[in-house]
Student: 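Questions regarding the structure given below will be posed in turn.
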Amino acid sequence: MKIFDTLSVAEKNVDTTNQVRIYLCGVTVYDESHIGHARTIIIFDVLRRYLELHGAKVNLIQNFTDVDDKIINRAKNENTSADVITTRYIKNYFSDFDRLNVKRADLYPKATEHIQDMISLISGLVEKGFAYGSKNGVYFSVLKFAGYGKLSKKKIDELVSGARVEVDETKKDPLDFALWKFSDDSPSWDSPWGKGRPGWHIECSAMSLKYLGNDFEIHGGGRDLIFPHHENEIAQSESFSGINFAKIWMHVGMVTINGEKMSKSLGNTKSIDHVLNTWGPNIIRLFCLSGHYTKPIDYSEEMLKEIITKWRQVENCYYEMILSDNLQTTESLDSVKEFIQESRTEFASALDSDFDTPLAVGAFFKLVKNINQLASSEKLNKELSDYIMPTFQEMLSVLGLVIPQVTDDEKNQITNLINQRNELREQKKFQEADAIRKQISDKNIVLIDHKNKTLWMKQEKIGIEN
RNA sequence: GGUGAGGUGGCAGAGUGGCUAUGCGUUCGCCUGCAAAGCGAAUCUAUAGGGGUUCAAAUCCCUUCCUCACCUCCA
């Protein structure tokens with residue numbers, strides 16, 4: 001499998017012979033997560049599912065930034081402690097992402113639980129002369145690291161003349177960034193240099209080193225983290241260790257809302273809770289996978305509605321298969337085997353080639369369409385369905401999609417109601433028959449009258465449709 | 001200003017030199033008691049503008065214009 005590496009600006013092979021170690025920069029827990037977070041995390045969720053399907057051992061680490069000015073400000077505004085804020089939004093995070101059917105990472109380290117690791121990393125940097133103490137804190141000396149700018153393709157002199165850097169007389173160079181900031185505000189910790197709290201970037205260096213070591217396979221996050229966050233991580237980590245930090249830097253493009261950047265000031269942020277209530281998990285996952293991960297994708301009602309149509313086809317396909325009978329078919333198993341094989345190849349080669357989820361999803365939809373064609377022409381029997389099902393399920397599970405299911409009780413109930421309705425239909429009592437259909441549809445069960453039988457399917461309830 | 005990604009039919013989105021995907025939409029049809037869903041067919045002949053290379057360009061080169069993101073906290 002090849003992934004585009006931001007650092008070398010080239011596709012690089014992911015080494016799956018040993019453990020695939022992935023460090024994903026997670027969220028700062030000061031507010032609800034939004035659709036942009038969802039995209040990045042779903043991309044990595046599908047990546048790990050796909051790697052694991054092929055037998056790779058994945059170690060996925062995703063941090064929580066739980067010490068930060070925004071958290072402290074929020075705590076002040078609410079007249080409470082930072083701890084209350086972070087606890088609330090970590091809980092909120094898991095609630096959102098469990099609903100999105102994101103598999104849990106192997107570990108979710110928190111910055112506040114790794115203060116000692118950060119302090120020893122900073123100490124090492126000070127000892128090696130890459131960092132220095134000043135009046136306001138401990139700073140990383142950017143000019144000491146020769147490779148600074150290599151990830152974001154920035155030239156140091158241009159950064160300086162850009163003059164966007166905040167003025168701080170206590171720093172030796174305007175580009176230097178904080179490793180440790182002195183402060184008596186809560187939360188703060190003692191350090192060899194004085195009481196304070198860590199800078200933002202150091203936590204990821206410390207925690208990735210601790211749990212994944214050096215030169216791990218993939219370091220990921222949103223594109224907006226390339227500069228300064230990941231640039232600074234590289235500077236810290238490689239100055240400390242003297243060796244390469246991560247093999248592949250994988251960055252996920254931004255989500256825009258109707259073509260505009262999503263931002264608090266524009267008031268157009270879409271929280272995960274909101275999009276889940278409107279579209280549900282499957283639609284949102286398909287949306288996040290609908291564009292190549294390196295490119296921006298645009299959130300618009302039109303797009304999402306299109307995905308609902310596709311999703312309904314998937315649900316239909318599934319129920320056609322599980323409810324298929326032992327009928328005689330003119331379709332040969334061999335030709336089915338052939339198109340299944342084609343779909344599998346198409347799906348896998350799409351993902352192998354820089355994780356092209358839109359192509360892979362396309363291959364899946366094509367498979368669905370093929371099956372629906374068979375079903376509608378009365379050619380799909382149980383034997384064929386049994387053959388197709390494992391591939392269908394495999395793709396579904398790589399994409400992390402879940403077809404709504406019914407309990408055995410509901411199933412019996414549905415079957416009874418269908419029988420009643422069909423009797424009424426035979427007696428041409430259509431009004432009563434329609435009343436039963438309405439009754440069933442209230443449970444999100446849709447009936448499809450085929451020639452010789454009535455098929456039913458459970459549909460996901462989608463907020464916007466109600 | 002710098003960096004990166006783009007500009008393809010109503011919309012989304014493939015396609016790195018010739019055979020002009022695909023999906024959604026729309027229209028019609030099949031199916032149905034009616035629906036829904038499904039299926040079929042038709043429709044759409046597009047490649048930001050201007051140059052150039054070539055027998056041939058959406059695809060290569062030059063140029064102009066435009067969009068978006070990042071450069072400050074940000075997934």
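Below, all heavy atoms of this structure are taken into account, side chains as well, without hydrogens, waters or symmetry copies.
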Student: Ignoring hydrogens and geometry beyond distance, is the side chain of A:Arg437 in donor-acceptor contact with the base of B:C34 at under 3.5 Å?
Tutor: yes

Student: For residues A:Phe347 and A:Phe364, establish whether the separation of their ring centroids is below 6.0 Å.
Tutor: no

Student: If a protein heavy atom is under 4.0 Å from the base, mark B; if only from the sugar-phosphate, S; if neither, -; do that for nucleotides 36-43 of chain B going 5' to 3'.
Tutor: BBSSS---

Student: Could you give the distance separating B:C65 and B:G25 at their P atoms, to the nearest angstrom?
Tutor: 40 Å

Student: Do A:His201 and A:His230 meet the criterion of a side-chain donor-acceptor pair at a distance under 3.5 Å?
Tutor: no

Student: Checking A:Lys310 against A:Phe365: charged group under 6.0 Å from the ring centre and within 45 degrees of the axis?
Tutor: yes

Student: B:A12 P sits how many Å from A:Ile283 CD1, rounded?
Tutor: 19 Å

Student: Taking atom types as modelled, is there a side-chain donor on A:Asp298 or A:Thr256 under 3.5 Å from an acceptor on the other?
Tutor: yes

Student: Could you tell me whether A:Arg104 sits above the aromatic face of A:Phe94, with NZ or CZ closer than 6.0 angstrom to the six-membered ring centre and within 45 degrees of the axis?
Tutor: yes

Student: For the residue pair A:Ile41 and A:Phe97, establish whether any side-chain heavy-atom pair is separated by less than 4.5 Å.
Tutor: yes

Student: Suppose you measure atom P in B:C28 against the same atom in B:C19; what distance do you get, rounded to whole Å?
Tutor: 33 Å

Student: Do A:Gln236 and A:Ser205 meet the criterion of a side-chain donor-acceptor pair at a distance under 3.5 Å?
Tutor: yes

Student: Quote, to the nearest angstrom, the C1' distance that separates B:G52 from B:C11.
Tutor: 33 Å

Student: Validate the cation-pi geometry between A:Lys154 and A:Phe227: distance from NZ or CZ to the six-membered ring centre under 6.0 Å, angle to the ring axis within 45°.
Tutor: yes

Student: For residues A:His251 and A:Thr6, is any side-chain donor paired with an opposing acceptor at under 3.5 Å?
Tutor: yes

Student: Roughly how far apart, to the nearest Å, are B:G6 and B:U27 at atom P?
Tutor: 36 Å

Student: Could you check whether A:Lys305 gets within reach of a base, just the sugar-phosphate, or nothing at all, counting any heavy atom under 4.0 Å?
Tutor: nothing

Student: How is A:Val252 classified with respect to the nucleic acid when contacts are heavy atoms under 4.0 Å: base, sugar-phosphate, or nothing?
Tutor: nothing

Student: Please determine if A:Asp185 and A:Lys76 form a salt bridge, counting it only when a charged side-chain N lies under 4.0 Å from a carboxylate O.
Tutor: yes

Student: Please give, in whole Å, the distance from B:C24 P to A:Phe365 CZ?
Tutor: 10 Å

Student: In whole Å, what is the span from the CG atom of A:Asn268 to the C1' atom of B:A75?
Tutor: 15 Å

Student: Check side-chain contact (heavy atoms from CB on, under 4.5 Å) between A:Glu32 and all other residues, then give those that pass, not counting sequence neighbours.
Tutor: A:Tyr89, A:Asn92, A:Ser271, A:Asp273

Student: For nucleotides 6-11 of chain B, tabulate all protein N/O to nucleotide N/O atom pairs closer than 3.5 Å, reporting atom names and distance.
Tutor:
unit_1	atom_1	unit_2	atom_2	d
B:C11	O2'	A:Glu302	OE1	3.4

Student: Roughly, in whole Å, what's the span from NZ in A:Lys453 to C1' in B:U32?
Tutor: 17 Å

Student: Using distance alone, with no hydrogens and no angle criterion, decide if A:Gln459 and A:Tyr319 have a side-chain donor and acceptor under 3.5 Å apart.
Tutor: no

Student: A:Asp298 near the nucleic acid: base, sugar-phosphate alone, or nothing, with a heavy-atom cut-off under 4.0 Å?
Tutor: nothing

Student: To the nearest angstrom, how far is A:Glu346 atom CD from B:U22 atom C1'?
Tutor: 10 Å

Student: When you compare the side chains of A:Asp5 and A:Ser8, does any donor N or O come within less than 3.5 Å of an acceptor on the partner?
Tutor: yes

Student: Taking CG from A:Asp354 and P from B:A5, how many angstroms apart are they, rounded to a whole number?
Tutor: 13 Å

Student: With ring centroids as reference points, do A:Tyr211 and A:Tyr23 lie under 6.0 angstrom apart?
Tutor: no

Student: Go through the steps to decide whether A:Glu346 and A:Lys366 satisfy the test salt bridge (Lys or Arg N to Asp or Glu O under 4.0 Å), and finish with yes or no.
Tutor: CA-CA 10 Å; A:Glu346 211 179 319; A:Lys366 208 154 104 190; 3.2 Å; yes

Student: Any base atoms under 4.0 Å from A:Arg421, or only sugar-phosphate, or nothing? Heavy atoms, all strands.
Tutor: base

Student: Roughly how many Å apart are B:A46 and B:C55, using the C1' atom of each and rounding to a whole number?
Tutor: 24 Å

Student: Give me the distance, rounded to whole Å, that separates B:U26 from B:U16 when you measure between the P atoms they each carry.
Tutor: 31 Å

Student: Can a donor-acceptor pair be found between the side chains of A:Arg48 and A:Asn59 at a distance below 3.5 Å?
Tutor: no

Student: May I ask you to say whether A:Arg49 pairs ionically with A:Asp45, meaning some side-chain N is under 4.0 Å from a carboxylate O?
Tutor: yes

Student: Find the distance A:Glu432:CD to B:A35:P and express it as a whole number of Å.
Tutor: 19 Å

Student: Between C1' on B:A35 and CD on A:Gln431, what's the gap in Å once rounded to a whole number?
Tutor: 14 Å

Student: Taking the P atom of each, how far is B:G9 from B:G38, in whole Å?
Tutor: 27 Å

Student: I need the residues from residues 29-48 of chain A with at least one non-hydrogen atom less than 4.0 Å from RNA chain B; give them sorted by number, or say none.
Tutor: A:His34, A:Gly36, A:His37, A:Thr40

Student: Check whether any side-chain heavy atom of A:Ser353 lies under 4.5 Å from a side-chain heavy atom of A:Lys2, and answer yes or no.
Tutor: no

Student: Please give me every residue in residues 95-109 of chain A whose heavy atoms get under 4.0 Å of an atom in RNA chain B, ordered by residue number.
Tutor: none

Student: Using a 4.0 Å heavy-atom cut-off, does A:Gly253 contact any base of the nucleic acid, only the sugar-phosphate backbone, or nothing at all?
Tutor: base

Student: When you compare the protein's N or O atoms with those of nucleotides 66-70 of chain B, which come within less than 3.5 Å of each other, and at what distance?
Tutor:
unit_1	atom_1	unit_2	atom_2	d
B:A69	OP1	A:Lys261	N	3.1
B:C70	OP1	A:Lys261	NZ	2.8
B:C70	OP2	A:Lys261	NZ	3.4

